[in-house]
Trainee: 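After the structure tokens below, expect a handful of questions from me.
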Amino acid sequence: MNTRILLKGKDLLGIKDLSTEEIMLLLNSATSFKEILGRDIKKVPTLRGRTVVNLFFEPSTRTRTSFELAAKRLSTDVVNFSGPSSSIVKGESLLDTALTVQALGADLVIIRHSSSGVPHMLSRHLRASVINAGDGTNEHPTQALLDAFTILEKKGRIEGLRIAIVGDILHSRVAKSNIYCLRKLGAEVRLIGPATLLPRWFGEFEGVKVYHDLETGIEGADVIMMLRLQLERQGTGFFPTTDEYFKEWGLTKKKLSAAKPDAIVMHPGPMNRGIEIASEVADGPNSVILEQVTNGLAVRMAVMYHLEERKEE
Amino acid sequence: MNTRILLKGKDLLGIKDLSTEEIMLLLNSATSFKEILGRDIKKVPTLRGRTVVNLFFEPSTRTRTSFELAAKRLSTDVVNFSGPSSSIVKGESLLDTALTVQALGADLVIIRHSSSGVPHMLSRHLRASVINAGDGTNEHPTQALLDAFTILEKKGRIEGLRIAIVGDILHSRVAKSNIYCLRKLGAEVRLIGPATLLPRWFGEFEGVKVYHDLETGIEGADVIMMLRLQLERQGTGFFPTTDEYFKEWGLTKKKLSAAKPDAIVMHPGPMNRGIEIASEVADGPNSVILEQVTNGLAVRMAVMYHLEERKEE
Amino acid sequence: MNTRILLKGKDLLGIKDLSTEEIMLLLNSATSFKEILGRDIKKVPTLRGRTVVNLFFEPSTRTRTSFELAAKRLSTDVVNFSGPSSSIVKGESLLDTALTVQALGADLVIIRHSSSGVPHMLSRHLRASVINAGDGTNEHPTQALLDAFTILEKKGRIEGLRIAIVGDILHSRVAKSNIYCLRKLGAEVRLIGPATLLPRWFGEFEGVKVYHDLETGIEGADVIMMLRLQLERQGTGFFPTTDEYFKEWGLTKKKLSAAKPDAIVMHPGPMNRGIEIASEVADGPNSVILEQVTNGLAVRMAVMYHLEERKEE
């Protein structure tokens with residue numbers, strides 16, 4: 001790995017702001033970190049003495065734990081500010097909380113918030129590096145990076161691949177970050193979902209096509225990314241029932257046969273089995289869903305490593 | 001300690017499945033680990049770089065913290081998946097959660113669940129080692145091991161001792177694991193409690209006798225294990241009121257005099273003072289209740305150590 | 001630092017019990033620890049293998065995290081007993097919980113509780129050191145120490161300074177610990193607030209004066225400490241509305257001009273902006289509020305260090 005290349009920004013706010021070179025820097029480093037995760041002693045002293053704070057305003061065990069473990073494997077000290085016993089219940093402003101976290105010595109602040117743009121606001125006020133772990137319906141950049149890493153690992157390349165993203169694209173920060181990432185890396189992106197959850201204007205992005213029929217959309221696909229359906233949207237006009245949704249948009253073995261035989265199936269988790277994905281697919285030979293989880297650790301280690309590396313120059 | 005002896009299974013699901021030799025292996029190692037706990041630096045690098053995940057679906061500070069500290073003293077990285085901010089609120093299936101935990105790199109998964117058999121189900125699907133920290137009304141094996149360790153420490157042997165277990169045996173996983181453990185180690189076991197909470201068929205186990213009167217039951221006992229009364233069962237037909245329960249089944253100094261003068265009194269905690277046990281006994285000279293807590297750490301370190309040791313062969 | 005001086009007690013329960021020499025010992029050591037916090041590797045092996053338990057019965061992210069990070073930077077193992085998943089929900093007595101924590105190997109128990117005197121009660125029953133992290137309306141000694149540290153850092157001395165404390169003095173453990181601390185160190189202390197929240201008898205302490213008008217009270221002050229208003233007291237007779245409160249007691253730039261031009265403004269956090277303090281002051285050049293947060297880490301490291309140091313003699 002060429003140590004002359006550095007990330008340009010002090011933060012990771014979204015894929016939108018990254019150059020292709022920066023994305024590849026992170027993915028290449030993730031390869032080295034993944035090798036460490038396969039060892040008995042899954043730990044390196046790289047960031048010993050640095051402090052990572054998980055500032056989660058939305059519940060998320062997977063992502064928070066993934067960051068927590070990634071941080072521990074780099075030998076940092078990690079603390080969690082999430083949960084109901086947080087002083088956020090005392091009505092402190094979000095920015096004051098973040099400034100306090102910084103004053104407590106945080107080098108890296110991992111933020112998840114239900115409002116789009118919160119990480120960007122914090123980024124402007126903090127000297128510490130901010131990592132966006134999901135903001136509203138905007139971006140979830142480390143998810144897109146781990147998805148790209150997984151595709152690279154399985155397919156050897158991303159350029160020229162036909163990649164289908166299926167479900168509630170409209171509200172999905174996972175979809176948005178993936179669209180940016182996959183387009184920067186040269187994939188043909190297909191967005192598939194009901195018209196209510198996928199307005200046609202999404203098709204106006206270069207290299208992105210919109211489909212309102214699952215089997216047509218995934219025809220010949222190399223990769224199929226299923227999105228989690230937010231069940232709380234049921235009956236709000238976005239879709240009728242989960243049964244109807246499954247019939248139309250749920251990925252079954254039969255529907256999967258429209259894709260390439262060696263297509264890989266991805267899901268950011270947690271899955272709604274029998275709603276957006278059938279168990280026969282989730283647990284089938286094309287699924288790489290659990291490998292995505294493992295790769296998430298490697299990618300997050302790479303992100304933390306490179307954000308800290310910048311500070312040493 | 002003879003390093004040629006290894007645990008047979010990859011998991012610790014219950015005492016029922018352990019041989020006497022395996023139980024003694026764990027108890028002997030716990031002696032070495034207890035010595036470490038007495039030092040200023042209560043920590044060994046034995047399992048550095050391994051990952052332990054506490055997957056608790058029932059609240060339990062004591063047991064979770066005991067495992068957490070045992071894991072830290074072996075220098076592992078520990079994360080907790082318990083609590084209300086867990087993504088379990090998003091409706092992910094239990095097995096998917098456990099598979100995710102494994103994909104995040106867990107070497108040891110500590111599971112507590114209100115349904116009997118959950119650890120066994122996970123054990124079949126995970127490569128990681130599963131440690132049962134209490135499943136429904138089935139087993140709580142590390143509690144029985146720490147109890148046996150405490151008895152050995154105090155009495156020098158278990159074989160031939162008269163050991164009374166008092167309270168709600170019917171619903172108690174602590175009682176069940178202790179019955180298996182103490183019988184395998186050769187004790188005479190007496191179960192004592194109201195008929196509603198202790199059906200007579202329990203007496204059909206070899207070496208186990210059932211009593212429905214406290215003072216007769218503990219007569220000549222070397223060890224008395226009091227069980228925690230689940231207060232939420234009050235008024236459900238199992239027992240009338242806590243006052244009535246205390247009068248009949250609560251261990252007082254006066255009732256204790258029926259046991260041997262040097263009998264030890266145990267309780268898995270947390271205690272209901274004035275319900276199953278009088279404070280004069282809980283805090284009296286026969287009580288070893290707080291030593292049980294300390295021994296829990298040593299025993300849990302031994303369990304984790306031996307489960308990991310198997311993997312190196 | 002003269003290593004011959006040691007803290008007299010095994011616990012830190014309040015400033016009231018400390019000698020001026022003990023206070024200065026802690027503040028001097030905090031200077032050394034603060035230097036460590038400025039390094040890339042903000043960590044020393046000083047207390048490796050020791051166990052710190054945060055036993056928080058009131059929600060507090062800031063204070064709990066400050067202790068957690070201070071403990072991690074001394075290389076201890078830390079566990080949190082706070083939060084809703086604690087076995088405190090099972091009705092275990094407070095003392096039993098603390099004794100269990102000690103039996104789990106806690107060397108230092110950090111306690112926060114809504115009842116005054118709880119740390120003192122625990123102190124009598126535990127061999128472990130107890131650090132009071134706030135008890136009812138009694139004391140919050142580490143807050144007073146970090147405040148004194150901050151003043152010393154900014155002003156070079158405390159003796160002879162005019163220090164104003166503004167707000168709900170009656171219910172404030174922060175105010176009480178600060179009054180003790182600042183008087184022991186020779187400051188002139190002025191207490192300022194509405195008569196309902198600041199009875200005149202406070203003025204009977206030597207060297208303490210009571211004011212019921214903000215601008216008169218802070219006249220010529222070197223330091224102004226704003227207290228957090230407990231919003232839940234609104235409409236209970238203590239004060240009418242938060243708007244009224246701000247008009248009368250809120251610190252604005254205009255009112256601040258009554259103090260010395262280089263007066264520093266402090267707040268223990270979390271702030272109610274627009275209630276006890278205007279944003280123009282909180283974020284202004286006189287504010288040292290975020291430095292207080294950083295200094296809290298250094299002071300808490302010093303406290304833990306000296307309590308453990310005593311045990312080695």
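All values below come from the heavy atoms of this structure, side chains included, with hydrogens, waters and symmetry mates left out. Letters A, B, ... mirror the listed sequences (proteins, then strands); counts begin at 1.
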Trainee: Identify the heavy atoms of Val79(A) and Thr65(C) that sit nearest to each other, and give their distance.
Mentor: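 What the structure gives for the nearest pair is CG2-CG2, 3.8 Å.
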Trainee: Distance-only check: which donor-acceptor pairs under 3.5 Å involve side-chain atoms of residues 239-247 of chain C, not counting sequence neighbours?
Mentor:
| residue | atom | partner | partner atom | Å |
| --- | --- | --- | --- | --- |
| Thr241(C) | OG1 | Asp243(C) | N | 3.4 |
| Thr241(C) | OG1 | Glu244(C) | N | 3.0 |

Trainee: What are the residues of residues 141-152 of chain C, in order of number, with any heavy atom under 4.5 angstrom from a heavy atom of chain A?
Mentor: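 The stretch does not come within 4.5 Å of chain A.
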Trainee: Measure the spacing between CG of Asp77(A) and CD of Glu68(C) and express it to the nearest 0.5 Å.
Mentor: 9.0 Å
Trainee: Can you confirm whether more than 12 heavy atoms, excluding those of Glu280(C), are under 6.0 Å from its CD atom?
Mentor: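 Enclosed: over 12 neighbouring heavy atoms sit under 6.0 Å from CD of Glu280(C).
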Trainee: List the atom of Asn80(A), the atom of Arg64(C), and the distance in Å for their closest heavy-atom pair.
Mentor: O-NH2, 3.8 Å
Trainee: List the residues meeting salt bridge (charged side-chain N to carboxylate O under 4.0 Å, His left out) with Arg273(C), not counting sequence neighbours, and say none if there are none.
Mentor: Asp96(A), Asp283(C)
Trainee: Please output the residues of residues 34-42 of chain C in contact with chain A, using a heavy-atom cutoff of under 4.5 Å, in numerical order.
Mentor: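 Heavy-atom contacts from residues 34-42 of chain C to chain A are Asp40(C), Ile41(C), Lys42(C).
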Trainee: Please determine, among Val293(C), Thr63(C), Val78(C), the option with the most heavy-atom pairs under 4.5 Å with chain A.
Mentor: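 Among Val293(C), Thr63(C), Val78(C), the one with the most close pairs to chain A is Val293(C).
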